[in-house]
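Read the numbers this way: they start at 1 and go in the same order the structure lists the ligands and their atoms.
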Amino acid sequence: MTRDLSGTDDGVDDETYGAAELSTVLPKASFPDGERDPRRIYAAVRDELMLDGNSRQNLATFCQTWEEPEVHQLMDDCIDKNMVDKDEYPQTAEIEARCVRMLADLWNGPKGAAAVGCSTTGSSEAAMLGGLAMKRRWEARRRAEGKPTDRPNLITGPVQICWHKFTRYWDIEHREIPMEKGRLLMTPEEVLARCDENTIGVVPTLGVTFTGEYEPVKAVSEALDAFEVKTGLDIPIHVDGASGGFLAPFCAPDLEWDFRLPRVRSINASGHKFGLAPLGVGWVMWREETDLPDEMVFWVNYLGGNMRDIALNFSRPGGQIVCQYYNFLRLGRSGYRKVHTACYASARYLAGEIAAMGPFDVVFDGDMGRGIPAVSWQLKAGEDPGFTLFDLADRLRVRGWQVPAYTLPAHCEDQAIQRILVRNGVSHDLCSLLIDDMKAALAHIEAHPIAAPLTSEEASGFHH
Ligand SMILES: *Cc1c(COP(=O)(O)O)cnc(C)c1O
């Protein structure tokens with residue numbers, strides 16, 4: 001470097017980027033030796049975050065990327081709140097307990113029963129807890145009958161990765177119903193074909209990650225009722241309502257998927273998805289106290305009373321939970337319905353426009369009664385438009401859009417699909433700009449034919 005730094009003393013008046021501190025490469029691997037100016041380091045760190053891209057244009061994520069200013073303010077107010085410390089922050093603990101009662105009401109828990117549940121860091125932790133409770137209850141039943149407990153299995157449709165983690169971490173055989181061409185969800189018949197005395201539970205997903213569709217909870221529940229009459233085996237349902245748990249109650253209130261069905265013993269949902277809270281909160285709820293085995297509960301003192309502690313984590317930030325409570329109070333049922341209905345309308349608009357473009361078949365069109373506000377599509381079968389969905393995704397990146405393309409899981413690996421998640425803040429107008437960019441991308445590809453189309457292995461993208 002030829003620059004003369006002799007005149008630079010890094011005083012308070014130095015212009016941010018003119019200061020000597022920001023005229024070098026900052027440490028990346030070894031632990032820094034000394035202090036630096038907070039204003040300049042803030043600028044450097046914030047600048048690096050630009051390279052993350054713009055989350056609002058990330059149409060892959062289910063998680064919230066826009067929040068009201070009051071939520072930002074509350075997050076700041078709550079920076080010191082630790083959920084584990086119910087004695088130090090009793091009011092934050094009380095707010096969590098209120099959210100649990102509100103969710104028991106929203107998901108039609110039995111009238112008069114105590115609400116049983118807790119916040120988690122997200123649906124993944126909630127799924128671990130819900131799954132573990134099923135395993136423990138199954139073990140207790142088996143032991144009471146003098147039968148072995150060494151070969152538990154869990155039945156799911158095509159699930160989110162958290163259920164692969166659950167079955168692997170806790171040594172459970174995962175009987176995942178593979179997709180078939182023309183059947184991308186679980187069906188009652190496919191579930192029954194896999195049930196036996198070692199089945200700890202069945203997990204339907206309300207909003208399958210790959211397409212956005214709801215699995216048929218009620219039909220599966222009725223099939224398991226008939227199975228119990230025939231075999232005496234009482235197999236519980238845990239609903240993965242990561243997305244749907246905060247959508248169906250507002251936008252498909254007649255759909256029976258929750259505690260209205262007696263066989264549904266537990267439910268998980270992501271507060272930070274359609275619960276509209278900032279990143280870092282999920283919920284798990286049990287139907288009744290007997291559905292949560294005692295050995296999973298640690299009782300802690302709080303405000304002179306006792307409170308359950310059921311988390312996998314110890315210390316955990318409280319702001320997300322406080323903001324979840326803010327959202328419940330701020331929006332209520334009608335507010336949530338309004339926000340989500342706008343998303344469904346945008347999804348339907350996108351589906352119509354995408355279907356009209358020519359090369360695509362819409363797989364799921366964002367129908368409120370059938371799934372979440374998402375659109376998924378594939379290339380028309382048997383036609384070669386001269387590009388792959390991965391090429392289209394790649395082209396849209398030029399304008400900052402992240403529209404993931406991915407192949408389906410086992411049995412349908414050769415089928416590529418592309419998906420847009422419409423969440424709060426993905427406005428109708430923004431969708432119209434995206435459609436313009438999709439048309440421009442197709443025109444570009446037509447004008448500059450692709451010699452070697454991108455494959456799923458080469459494409460980047462994360463779609464869970
Ligand atoms: C997102 C998602 C999960 C995982 O939820 P996190 O809150 O991200 O931990 C689990 N299941 C389904 C169906 C999901 O969509």
Steps toward salt bridge (charged side-chain N to carboxylate O under 4.0 Å, His left out) verdict (D414, K181): CA-CA 10 Å; D414 57 340; K181 292 266 148 65; 3.3 Å; yes
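Residue contact check: T205 has heavy atoms under 4.0 Å from atoms 13 (C) of ligand 1. Every atom of ligand 1 is numbered from 1 in the order shown, and the set under 4.0 Å from a heavy atom of A242 is 2 (C), 3 (C), 10 (C), 11 (N), 12 (C), 13 (C), 14 (C), 15 (O). Close approach of ligand 1 to Q160 is summarised as follows: ligand atoms under 4.0 Å from at least one heavy atom of the residue are 2 (C), 3 (C), 4 (C), 10 (C), 11 (N), 12 (C), 14 (C). The distance from ligand 1 to the heavy atoms of S270 drops below 4.0 Å at these ligand atoms: 5 (O), 6 (P), 7 (O). Of all the atoms in ligand 1, the ones that sit under 4.0 Å from a non-hydrogen atom of H272 are 6 (P), 7 (O), 8 (O).
Listed by chain and number, the residues in a ring pair (Phe, Tyr, Trp, His ring centres under 6.0 Å) with Y326 amount to none (sequence neighbours excluded).
Put simply, the side chain of T167 gets close to the backbone of H164: a donor and an acceptor are under 3.5 Å apart. Judged by distance alone, with hydrogens and angles left aside, the side-chain atoms of W138 form a donor-acceptor pair with the main-chain N or O of E197 at under 3.5 Å.
Under the 4.0 angstrom criterion for non-hydrogen atoms, C162 is in contact with ligand 1. Residue contact annotation: E125 has no non-hydrogen atom under 4.0 Å from ligand 1.
With respect to the salt-bridge test (charged N to carboxylate O, under 4.0 angstrom), the residues R330 and E70 do not qualify. Here R395 does not pair with D437 in a salt bridge; the nearest charged N to carboxylate O distance is not below 4.0 Å.
Counting only non-hydrogen atoms, the option in G244, S123, G207, C63 that gets closest to atom 5 (O) of ligand 1 is S123. Distances from atom 4 (C) of ligand 1 to the heavy atoms of S124, G122, G271 put S124 nearest. With D240, L279, V281 as candidates, the residue nearest to atom 13 (C) of ligand 1 on a non-hydrogen basis is D240.
Where the criterion is an N or O separation shorter than 3.5 Å, residue side chain and backbone included, K273 meets it with respect to ligand 1. Looking at T209 next to ligand 1, no N or O pair under 3.5 Å apart turns up.
Annotation: W163 is in aromatic contact with H238 [ring centroid separation under 6.0 Å]. With ring centers used as reference points, Y336 lies under 6.0 Å from H340.
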